Amino acid sequence: MASARRCTTMATNKLIMFVVMLVVLQRVRSDDSPCDFPAIFNFGDSYSDTGAFPALFPAVQPPYGRTFFGMPAGRQSDGRLTIDFMAQSLGLRYLNAYLDSLGSNFTQGANFASAAGTIRRVNGSLWTSGYSPISLDVQIWQFQQFINRSQFVYNNIGGVYREILPKPEHLVSKALYTFDIGANDLAMGYLDNMTTEQVEAYVPDLMERLASAIQTVYDLGGRYFWVHNTGTLGCLPYALAYRPDLATEKDSAGCSVALNAGPRFFNARLKETVARLRVALPEAAFTYVDVYTAMYRLMSEAKKIGFGDPLRVCCGYGGGEYNFDKDIGCGVKVEVNGTVMEGKSCEDPSRSVSWDGVHLTEAAYKFIFDQIVEGALSDPPVPLRRACQTKGQ
């Protein structure tokens, strides 16, 4: 009898262990599975704009787009941006700008980002302020309009529109929402000769506005949010050229300590804001992505990883320390006393970090993508493909 009981106990224990192993394996398999996002909806500025700005204002000219597209393609770079590599890695098509009416396909998402875009509305027009009227709240309004109109057209008109609009069931709840905005809000203050303390003073207002935008998307049904922090303003040639008084103290990478202080403060507040949103919106999955660290790593280790001087502009004019002239930008021709001066591209943009003094090259954006895609710089540390699995983290 004792022997029989021992056998029964051993069999029961083995069964329990087997069940536990099945549960664990199922959990691992579930955790490792991709989210299969059917679409991306992006909000941002020129670092992720794929055509909104040139749909509204004078389009960028060659040599923009030369590396990948072979012509200007709505991007403020020689080729693709981080958002392009993100879409590609998820098996999605490159995002068309919502405002680009010609040849666009929105079956797998839409891009509402605008070059020169800001979180706060800007007083004055583009011509007087230098910034886009397509601020974040306008981008959210456009998203609401896109949702309403595309559902109506898909369901009531159909035909060819079903080939270029997302399926209604893919529109909101299953999509990934990406935010990459705030750099221009900081730059605006610095270019208006503000101190870092003055710039930091309005960052709380930026956080409130950004949180409100995310809340609106959540209320519409969005649940998966991938939020980029802002990059190294103090490592951009145009900022160093416009604020030489703040460029006197530089770090080992040649970046302005003062001009990078604002972005670091912004990013700390952004991380706190995302943490509060996790508590307030427990049904949503939030991933905070540290683009600043990826970009600074690029700047500080550029030559080690195959780039040239990260502060020297590829497509610019004037030579000197940065090869940057604010009056003769990339692709711009200016005639002075019969002499034509032109902002021309370097021979090999793939070895440059800075494309035009404000924006990066495709190679630089690819480096940043490679740094963030697997989650090494994210909170929580999950890969892009599993950004739906961070609810409650």
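This is a predicted model, so every value here is computed, not measured. Counting begins at 1 with the first residue of the sequence.
- Under the 2.5 Å SG-SG cutoff, Cys330 and Cys315 qualify as a close cysteine pair.
- No salt bridge links Arg209 with Asp137; every basic N to acidic carboxylate O contact stays at or beyond 4.0 Å.
- For CD of Glu335, the number of neighbouring non-hydrogen atoms (other residues, nucleotides, ligands) closer than 6.0 Å is greater than 12.
- Leu56 meets the side chain to side chain contact (heavy atoms under 4.5 Å, CB included) test with Leu99, Ile134; sequence neighbours excluded.
- Dense packing is recorded around CG of Asp219, with more than 12 heavy atoms of other residues, nucleotides or ligands lying under 6.0 Å away.
- Exactly one residue among Val274, Thr273, Leu377 makes a side chain to side chain contact (heavy atoms under 4.5 Å, CB included) with Tyr288. That residue is Val274.
- Heavy-atom minimum distance, Ser350 versus Ala363: O-CB, 3.6 Å.
- For Glu197, the CD atom is densely surrounded, since the number of other residues' heavy atoms within 6.0 Å is greater than 12.
- A salt bridge between Glu208 and Arg269 is absent, with no side-chain N of the basic residue lying under 4.0 Å from a carboxylate O of the acidic one.
- Rounding to the nearest 0.5 Å gives a distance of 8.5 Å between OG of Ser104 and CD1 of Ile164.
- By the 6.0 Å contact criterion, CZ on Arg149 is open, its count of non-hydrogen atoms from other residues, nucleotides or ligands being 12 or less.
- Salt-bridge formation is detected for the pair Glu321/Lys250: a Lys NZ or Arg NE/NH1/NH2 atom is positioned less than 4.0 Å from an Asp or Glu carboxylate oxygen.
- In terms of heavy-atom proximity, Tyr94 sits nearest to Arg75 at CB-NH2, 4.0 Å.
- In this structure, Tyr317 and Lys344 have side chains that are not in contact, with every pair of non-hydrogen atoms separated by 4.5 Å or more.
- Rounded to the nearest 0.5 Å, atoms CG (Asp356) and CG (Asp78) are 9.5 Å apart.
- The number of heavy atoms from other shown groups lying within 6.0 Å of CZ (Phe68) is above 12.
- Under the 4.5 Å side-chain heavy-atom criterion for grouping Ile, Leu, Val, Met, Phe, Trp and Tyr, Val313 is not connected to Met341 through any hydrophobic cluster.
- Cation-pi geometry between Arg223 and Tyr218 is met: under 6.0 angstrom from the ring centre, within 45 degrees of the axis.
- The line from CG of Asn111 to CG of Leu81 is 9.0 Å long, rounded to the nearest 0.5 Å.
- Both tests do not hold together for Arg80 against Tyr365: distance to the six-membered ring centre under 6.0 Å, angle to the ring axis within 45°.
- Here the two rings, on Tyr154 and Tyr161, have centers that are 6.0 Å apart or farther.
- Taking the six-membered ring for Trp and the full ring otherwise, Phe143 and Tyr177 have centroids separated by under 6.0 Å.
- Classification of the Tyr238-Tyr242 ring pair by plane angle, with boundaries at 30° and 60°, yields perpendicular.
- Using a 4.5 Å cut-off on side-chain heavy atoms (C-beta onward), Leu236 and Met295 make contact.
- At least one side-chain heavy atom of Ser46 sits under 4.5 Å from a side-chain heavy atom of His359.
- Annotation: side chain of Phe43 is not in contact with side chain of Thr178 (no heavy-atom distance under 4.5 Å).
- Counting heavy atoms from C-beta on, the side chains of Thr361 and Val353 never come closer than 4.5 Å.
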